[in-house]
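For reference, the structure is listed below as structure tokens.
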Amino acid sequence: MFEKVSADAEFIRGEHDVLKFWESGRIFDKLRKQNAGKPAWSFLDGPITANNPMGVHHAWGRTYKDAYQRYFAMNGHELRYQNGFDCQGLWVEIEVERDLGFTTKAAIEELGIDKFSNACKQRVLKYAARQTEQSIRLGYWMDWDDPDTLRKLSDGIGRDEPVTITTPSGKTETGPAHQLVGRLGCPEWGGSYFTFSTENNETIWTFLKKCFERGKIRRGHDVMPWSGRAGSAYSQMEVADGRKLSVHKSVFVRFPLRGREHEYLLVWTTTPWTLTSNVAAAVNPDLEYVKLKSKRDGAVYYFAKENLDFQRLSREFKEGFGRPEWEWPKDVPKLKSIGQIFKEQGGFEIVDTITGADMVGWEYDGPFDDLPAQQQAGGVPEDDSLADKTGISCHRVIDGGRDSKGKPNVVAGEGTGIVHIAPGCGDIDHKLGAEHGIVGIAPLQEDGTFTAEFGDFTGRRANDPETAELVFEKLKEKHLLVSVESYPHIYPHCWRTGDELVFRLVDEWFIDMDWRDEIKAVTEQIRWLPEAIDGKERELEWLTNMRDWMISKKRFWGLALPIWIDDETGDFEVIGSLAELKERAVEGWDEFEGNTPHRPWIDKVKIENPKTGNVMSRIPDVGNPWLDAGIVPFSTMHYNSNRDEWKKWYPADFVTECFPGQFRNWFYALLAMATMMDDSPPFKTLLGHRLVMNEEGKPMHKSDGTAIWFEEAAEQVGVDTMRWMFLAQNPAADLRFGHRNPDKRVTLETPDGPADQTAEGVPTCAVVSAPADETRRQILITLWNTYTFFVNYARLDEFDVTAEAVPVAERPEIDRWVLANLHALIQTANTEMREFNVAGFLKEAARFIDDLSNWYIRRNRRRFWRSKDAGDRDKLAAYQTLYDVLVTLTKLLAPVIPFLTERLYQNLVRAVDKNAPESVHLCEYPQADEALLDPELSQRMALAQLVVNLGHGLREKTSLRVRQPLAELRFACANPAHLAAIENLADVIKEELNVKQITGCEHLDELVSYTYKPNLKTLGPRYGKLLGAIRKELPELDGDLLAPLRSGQAVTVTLGGESVELGPDDVMVGTEQAADWAAADQDGVQIALSTSLTPGLVQEGMARDFVRHVQQLRKDADLEIEDRIVVTYSSDDGEVVGMMETWGEYICRETLADAVNRSDASPAGGKIVTVGSVEVSLAIAKS
RNA sequence: GGGCCCGUAGCUCAAUGGUGAGAGCCGGCUCCUUAUAAGAGCCAGACGGCGGUUCGACUCCGUCCGGGCCUACCA
């Protein structure tokens, strides 16, 4: 028999119980075994950064992943269940550096790259273990590694003693930890994939080799965004993620023109440090320039005419910089125009206007020609081919030229129309420098400080504000400083550390992206969801605009780029596999062997240049981390090791990730790499979703303590509740979760005992989520109450689930109704889940749960309460129907709320049938039985519900409480079929509305009057302008003229002076009530409720009031349902006394009273209650 | 700068070239209830502004105002 169920669901405790059950029962393993060999459904997991514990925002995407996997598993598919951890790259390095207290790359080299790489591996393993535990708590079913094994490996890294582990597939392996770690996620072992695995790195080599063979790998000598802190250049993707509004000191400087006494170029820059490295000045030849004479010192300035009065950043001043958080900084004054600046400096006059073309070729003196860098032949670093030139010798005005789209590089507007060119400090500058054959001066070292050739600047940081001050000071000494101001603009920062980037001339490696059209063609073949986002367009836009992919990074922990170079000739080769490398190796292989292909071990291996016989070394750079994540459709599906297996799983059926940023990151890397590898889409459908926000739609921040840790939400809100909330959310919109109160500490009840901080030592705080509370109250609690109702009565009645089923056709209509709705829900579930629209399914499911509880059970309570009678087929039908509904619903919702459904299933099914599948998650997903669908019945029931609603409304309007019985309800329907439908359900309506009689009528003419309104939709097209008159006059016509319309006949009337033919569809009929009847209508159903009260009805109403009050007293006194009582009341009122004569027996029966006694005095402890309109003192006592 | 989306009730969101613009939450009121921490009903409350097309516009078009998103190397 079923276990007794308590009224309190204890959702969270239940979740922990279920987790234990799944683990001890090895349910997930059984599911995999059960589905082995069945048709594959391929999900590809986007790797999560294994660098920190999960927050609540990670749980949204992971819930999608789990729910769809569970759904397809229940539908008989084999799945891979492979979670992924993103393990390599700067983000790990930064955190490890922080732990070690390092601030420079030199410190890492001092420690030893091997030790540093090991520390990175350790950190990744540590947090992979942590995230694994958290994911398990979420109910996320994956082929997880044992977290303790991961920690054991983490501890073993860097030690010589071998460790022994058990893999998820059950194998026992022994070896040095670093060797084992390189094989994590391999097919023989199972478990999560780690992007640092040898397989993953090696498959990227395969990709890069293909790029190389197509001639797409190139070395670049370019000015790139650079972080001095990280000692690394940043790719376009990273820069896009790290742009911030910053305020810099910008400066107007004058460059003295050679051979023109006291005449100057006016130049402006936001990066004063680059002035040290100025080589040339660029103008737009087509632009007009003014010659302005300053009254203060008689100096003459040249700059773009348009800029004289140009209101700089006026729009930004008013509207900000394009994002809500990028408003104009409060402490920055509005910018002055150049005219204003000169006016404030004593006034000016315009002497002349010339064109840029006139200026090209003019020579000038640079602002820092005293620096050795400016005087060095060939520039800095020296370029032998330009040995006849110095920075100083190149100072002249050049044509700024045009970009690839034909737009001029130099324009008027911001600045002065004369752009200072420093080929060692800017991207365009560098290109212009090369075009014009002028030297470059690259001032910065790896750490972002000036090199030795820069005098007082040497050793200073370029982006240090003090460096800018030094520039201003020196300019002032030289009388070259015109004006300094605070200038807000969007400036690139390190997206991870927030450090400002500088621009530095570097050698980096690129993949040429001139094959972007191939990637776009692949992109077109993919289904991008949700449609409202139009992900395809976003991706195509990125693919159209992206630049070549910078894949190198001058760092330590990451993919070892497989590029070997001949230092003497510059020849380079890309190696495609470790086997190839071994074959080509001429030295160092022995030293490398047994290590993972990371720095420093891989760097030992040298090959020979076949052309020259020189030894080639690997470039020291590591790879862009998106290579690591982009290769996973190949590396994790064994592209290199088992091509048939790969074909079984590739392309993935489904991918889902949080989309902001990913169009240029993971999605891009996947698409580019799959196009190069196989010219095919790596996945068929992508579901993107937005972000988790606080209740105001604002981001939650780690820094101010408002970011919610996963455990805080799990143990306070409950995982099932969260999952429903996540899955019911529109993925195209931000989810407003709620907030964390950092000042309100709470102690969480966890299975391991109370916890007041996370594993990382962060205090646990109160989490408030209104949408979660609503979800729990309206859905989970309602479902639970439905379940407890069934179980507790079924126990009393000893309901036997094995009893022969009452044929559905023989069950009452309301049973068939709920079954019909159930099967409609099954249909919805299957179609929506296959469309990856779980929210659409849950909307209907919520409605069904509500109907089940508040209509089906509410209406059928008395069938369950009836005393036991073996021959009661109607009662059996009720039990069988409700049981069937609950069990099916449990299975339907299993992918969504796996914990609660498991609890229900265990008690509803397993407790009575030991042969049933051991877990709800081992069941087949329900399929709709079309024979049970009955849309017509659903519609009829909806009509009954409509009548009840209308009736309640009328009672409210006429102030007639439902306890007051009424004599009659009459109704009529526009559609005759509805009449019978409602009559069929008359008992339901009678009881619900407390009326004695329900009568269906052809019409309610004698009870109501009718109003007529034109149907504009049908009449408009036919009568056009006449409509105004029709609208006005039709309601005023004599009702008799229009009466035939109500019986479906057409009439012809004169309206607006013209004859108008009206069919039944052309006129809408409304009702108004007559005396003693209250009427209402909706959707073609009219009802009229008799409002006249006979003395008998009044008396009965009083009796029911009396009963109600006694019941309340029973409840207040905490009496048991079967306790018998004696009722005492006092009242002289004749109506009450009369009522008691007629209804006393009824009252006794309903309240289990042995007697109802009248007393003259108010009984002790009596309560004053209102019976009808009379006050009565009432008391009860146990008899 | 370029491109896109959105302005509907106090809040979160629907729908629609046609008469009374829905729902949930919140609030006020009433009712029902021996499964329910539930439920039912009523009330209050909205188409950003201005033009145009149309018999009729919240809907289509234009424009302004206000939000948001994407994109961009403006020195």
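Residue numbers begin at 1 in each chain, while the letters A, B, ... track the order of the sequences.
- At the heavy-atom level, I490(A) lies nowhere under 4.0 Å from the strands shown.
- With H739(A) as the fixed residue, the side-chain hydrogen bond (donor to acceptor under 3.5 Å, both in side chains) test singles out one of E696(A), K698(A), E695(A): E695(A).
- The shortest distance between the side-chain N/O atoms of R861(A) and the OP1/OP2 oxygens of rA35(B) is below 4.0 Å.
- When heavy atoms are screened at a 4.0 angstrom cut-off, P225(A) is found touching no nucleic acid atom at all.
- In the interface, the side chain of S853(A) is paired with the base of rA35(B) through a donor and an acceptor atom under 3.5 Å apart.
- Contact annotation: R776(A) does not reach the phosphate of rA37(B) (side-chain N/O to OP1 or OP2, under 4.0 Å).
- Within the structure, a side-chain polar atom (N or O) of R963(A) is placed less than 4.0 Å from OP1 or OP2 of rC32(B).
- Residue A9(A) is in base contact, counting any heavy-atom pair closer than 4.0 Å across all strands shown.
- Listed candidates were rC55(B), rC74(B), rG24(B). Nearest to the side chain of E414(A) is rC74(B).
- Looking at heavy-atom distances under 4.0 Å, N1015(A) makes contact with a base.
- Distances from the side chain of Q1111(A) to the nucleotides rA75(B), rG24(B), rU34(B) place rU34(B) closest.
- Counting non-hydrogen atoms under 4.0 angstrom, G1020(A) reaches a base of the nucleic acid.
- Taking only side-chain atoms of V410(A), from C-beta outward, the nucleotide of rC70(B), rA75(B), rG18(B) with the closest atom is rA75(B).
- rU36(B) atom P lies 13 Å from atom CZ of R858(A), rounded to whole Å.
- Look at R1031(A) and you won't find any side-chain N or O under 4.0 angstrom from OP1 or OP2 of rG56(B).
- Comparing rU33(B), rA75(B), rA38(B) by their closest approach to the side chain of T782(A) singles out rA38(B).
- Contact between the side-chain N/O atoms of N545(A) and the OP1/OP2 oxygens of rU71(B) is not found at any separation under 4.0 Å.
- The side chain of V962(A) lies closest to rC31(B) when the candidates are rC69(B), rC31(B), rA75(B).
- Here Q778(A) does not reach the OP1 or OP2 of rA37(B): none of its side-chain N or O atoms lies under 4.0 Å away.
- With a 3.5 Å ceiling on both atom-pair distances, rA38(B) lacks any Watson-Crick or G-U wobble partner.
- Under a 4.0 Å N-O distance rule, the pair D241(A)/R664(A) qualifies as a salt bridge.
- Atom CD in E238(A) sits roughly 17 Å away from atom C1' in rC73(B) (whole-Å rounding).
- In this structure, F790(A) and F799(A) have perpendicular ring planes: the angle between them is above 60°, well past the 30° mark.
- For the side chain to side chain contact (heavy atoms under 4.5 Å, CB included) with F252(A), the qualifying choice from T269(A), V484(A), T416(A) is T416(A), the only one to do so.
- Remark: P of rU34(B) and CG of L796(A) are 17 Å apart, rounded to the nearest angstrom.
- In this model, a donor atom of one side chain and an acceptor atom of the other lie less than 3.5 Å apart for N994(A) and R1104(A).
- Taking only side-chain atoms of R547(A), from C-beta outward, the nucleotide of rC73(B), rA37(B), rA40(B) with the closest atom is rC73(B).
- Using a cutoff of 4.0 Å between basic side-chain nitrogens and carboxylate oxygens, R847(A) and D850(A) are not scored as salt-bridged.
- Using modelled atom types and a 3.5 Å distance limit, the side chains of R795(A) and N792(A) yield no donor-acceptor pair.
- For P1014(A), the listed nucleotide lying nearest its side chain is rU19(B); candidates were rC73(B), rU33(B), rU19(B).
- Taking atom OH of Y487(A) as the reference point, atom C1' of rA75(B) lies 9 Å away to the nearest angstrom.
- Comparing rA75(B), rG18(B), rC26(B) by their closest approach to the side chain of L1016(A) singles out rG18(B).
- In this structure, W542(A) atom CH2 and rC70(B) atom P are separated by 14 Å, rounded to whole Å.
- Comparing atom distances between the H489(A) side chain and each of rA75(B), rU33(B), rA40(B) picks out rA75(B) as nearest.
- The nucleotide rC11(B) finds its pairing partner in rG24(B), both defining distances of the Watson-Crick or G-U wobble pair being shorter than 3.5 Å.
- The side chain of H430(A) contributes no N or O atom lying less than 4.0 Å from OP1 or OP2 of rC73(B).
- Taking the six-membered ring for Trp and the full ring otherwise, W268(A) and Y487(A) have centroids separated by under 6.0 Å.
- R736(A) comes within 4.0 angstrom of the backbone, heavy atoms only, and of no base.
- For the P atoms, the distance linking rG27(B) with rG10(B) amounts to 16 Å, nearest Å.
- Counting non-hydrogen atoms under 4.0 angstrom, N949(A) reaches the backbone sugars and phosphates but no base.
- Under the Watson-Crick or G-U wobble criterion, with both distances below 3.5 Å, rG66(B) is paired with rC6(B).
- rG18(B): Watson-Crick or G-U partner is rC55(B), with both key distances under 3.5 Å.
- Side-chain proximity of K1013(A) to the nucleotides rC26(B), rC32(B), rG20(B) is greatest for rG20(B).
- The base of rA75(B) does not come close enough to the side chain of N409(A) for any donor and acceptor atom to sit less than 3.5 Å apart.
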